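Reviewing the structure listed below.
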Protein chains: 2
Amino acid sequence: MSNWSDKVGGMALRYALLGLLAEQPASGYELAKAFEGDLGRYAWQAGHNRIYPELARLVDEGLVERAEEGARGRRVHTLTAAGLEELRAWLRQPWEGSTVRNEGVLRLFLLSALDPGDARKILHEVAARCEEELAPLREIVSGETPISPEGRLELGWLAAGYGLRQYEASRDWAVWALGELDKVDRGG
Amino acid sequence: MSNWSDKVGGMALRYALLGLLAEQPASGYELAKAFEGDLGRYAWQAGHNRIYPELARLVDEGLVERAEEGARGRRVHTLTAAGLEELRAWLRQPWEGSTVRNEGVLRLFLLSALDPGDARKILHEVAARCEEELAPLREIVSGETPISPEGRLELGWLAAGYGLRQYEASRDWAVWALGELDKVDRGG
DNA sequence: ATTGGACATGTCAGTGTTGACATGTCCAAT
DNA sequence: ATTGGACATGTCAACACTGACATGTCCAAT
């Protein structure tokens, strides 16, 4: 019985933190590191300067518990039962009106503002870059399914599977766009 | 010789506007509408309240020209030669460090925090939703390639092709994740 | 012993972004 | 004639976010 309905937007970071802590307890520093991995690459980014204040608020609301300081001032944060329920309630809500901000995709869409030669060059680069990213992801996904002690799929595993399909789609799009550019050149 | 190197981040809206105006002259209102379509869905969003001040700045910098008021105070904006060059220079720059914010994907990644029953239900919904989105996109993409008077591919066409592959990838991911969930259940 | 680097947390100013509020115009349907 | 809705532009306060600055700890390698 929490207040997730008070605000619909702008709560993503909050739930990203709850989700990470649902996997395992962590310090703010470790959470910041997590955002530099697949999570930040595909879903949401945040720097430590944004994470610490939000963590403090979660502690205030009883969704997260903060342990005493350890070595180097490290403070481990643990998800409470209330926090887990808050996260689950959010996930069960309908996923309407979620915002997307992706500068890379924006660039792709604007590519036709370039002359065909430049556009072609960049599309080739995009396809090649995607292909590079694919190899390590294939490696991860084709390995054994990692299951956490609590019997849950790991976030990183889900992310790798998503990234794999994502990059394949982007590469295919770039190849398709190159073909369409050819049609334009033949036509005009 | 412009100043795109002054700031690397936070310039996306600026170039989105230049890109839209590269397709055709438009009023602020029309630009706001454009962000509600495929552009906003896959790449970047902006409301009119953000667009008008940015347009004014672009006019100040000579990248965009603003016509006199028409009916209902409508003011048509046109890209200048300097504006097109600014846009092209940005597109030719290496695409490093672009940020991604996608609440929907974040939700997908956090799904394993739910118990398997709920997670399965949502994954089915995701797959079904993707399938729904695919039909109209297939329609658009399988039609004739639309080429603008200036011999360029239309932004909407590129976006539809991207969206098509994007939704296929998401659907495939959801189906894969369901299969992996089954493995977890059989294992645990 | 010392030093460079990863670990760890924090503040702050400036900018980006959103939702709510505000205002007025044009047109089609009643 | 009037009214509801799309067209059209704008402001403002609150909040989100980033980059830069600041501080200190622990440890491994020299």
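What you are looking at is a predicted structure, and each value in this text was computed from that prediction instead of being measured. Chain identifiers are assigned alphabetically (A, B, ...) following the order of the sequence lines, protein sequences preceding nucleic acid strands; residue numbering begins at 1 within each chain.
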Summarise how protein sits on nucleotides 5-12 of chain C as a single string, 5' to 3': B when a protein heavy atom is under 4.0 Å from the base, S for sugar-phosphate-only contact, - for no contact. -BBBBBB-

Just the rounded figure in Å: distance from P of D/dT11 to CG of B/L55. 13 Å

Using atom CG of A/L17 as one end and atom C1' of D/dA16 as the other, report the distance to the nearest whole Å. 14 Å

Nearest-angstrom distance from the residue atom CD of A/Q45 to P of D/dG19: 9 Å

Where is the tightest heavy-atom contact between A/G40 and A/Q45, given as atom of each residue plus distance? O-CG, 3.3 Å

Let me know the distance between CE of A/M11 and C1' of C/dG19, rounded to the nearest Å. 14 Å

So, is B/R101 near the phosphate of D/dT18, with a side-chain N or O under 4.0 Å from OP1 or OP2? yes

d(CG, A/L106; P, C/dG16) in whole Å: 15 Å

Once side chain to side chain donor-acceptor pair (under 3.5 Å) is applied, do any residues pair with A/S98, and if so which ones, sequence neighbours excluded? none

Rounded interatomic separation in angstrom, taking CD1 from B/I51 and P from C/dG16: 15 Å

Listed partners of B/W44 passing ring-ring contact (aromatic ring centres under 6.0 Å, His included), at least two apart: none

Mind checking who shares a hydrophobic cluster with B/Y29, ILVMFWY linked at side-chain heavy-atom distances under 4.5 Å? B/Y52

Scan residues 94-143 of chain B for pairs that pass ring pair (Phe, Tyr, Trp, His ring centres under 6.0 Å), counting only residues two or more places apart or in two chains. A/Y162-B/F109

Under a 3.5 Å cut-off on both pairing distances, which runs of 3 or more consecutive Watson-Crick or G-U pairs involve DNA chain C? C:1-30 with D:1-30

Over how many whole Å does the gap from A/E103 atom CD to C/dG16 atom P extend? 12 Å

Expressed in angstrom and rounded to an integer, what is the separation of A/L13 atom CG from C/dG16 atom C1'? 16 Å

Among residues at least two apart in sequence or on other chains, which ones pass salt bridge (Lys or Arg N to Asp or Glu O under 4.0 Å) with A/R50? none

Cluster companions of A/V100 among Ile, Leu, Val, Met, Phe, Trp, Tyr (side-chain spacing under 4.5 Å): none

Which residues satisfy the side chain to side chain donor-acceptor pair (under 3.5 Å) test with B/R66, sequence neighbours excluded? B/H77

With ring-ring contact (aromatic ring centres under 6.0 Å, His included) as the test, would you mind laying out the steps for A/W157 and B/W176 before giving the verdict? CA-CA 12 Å; A/W157 172 251; B/W176 170 79; 5.7 Å; yes

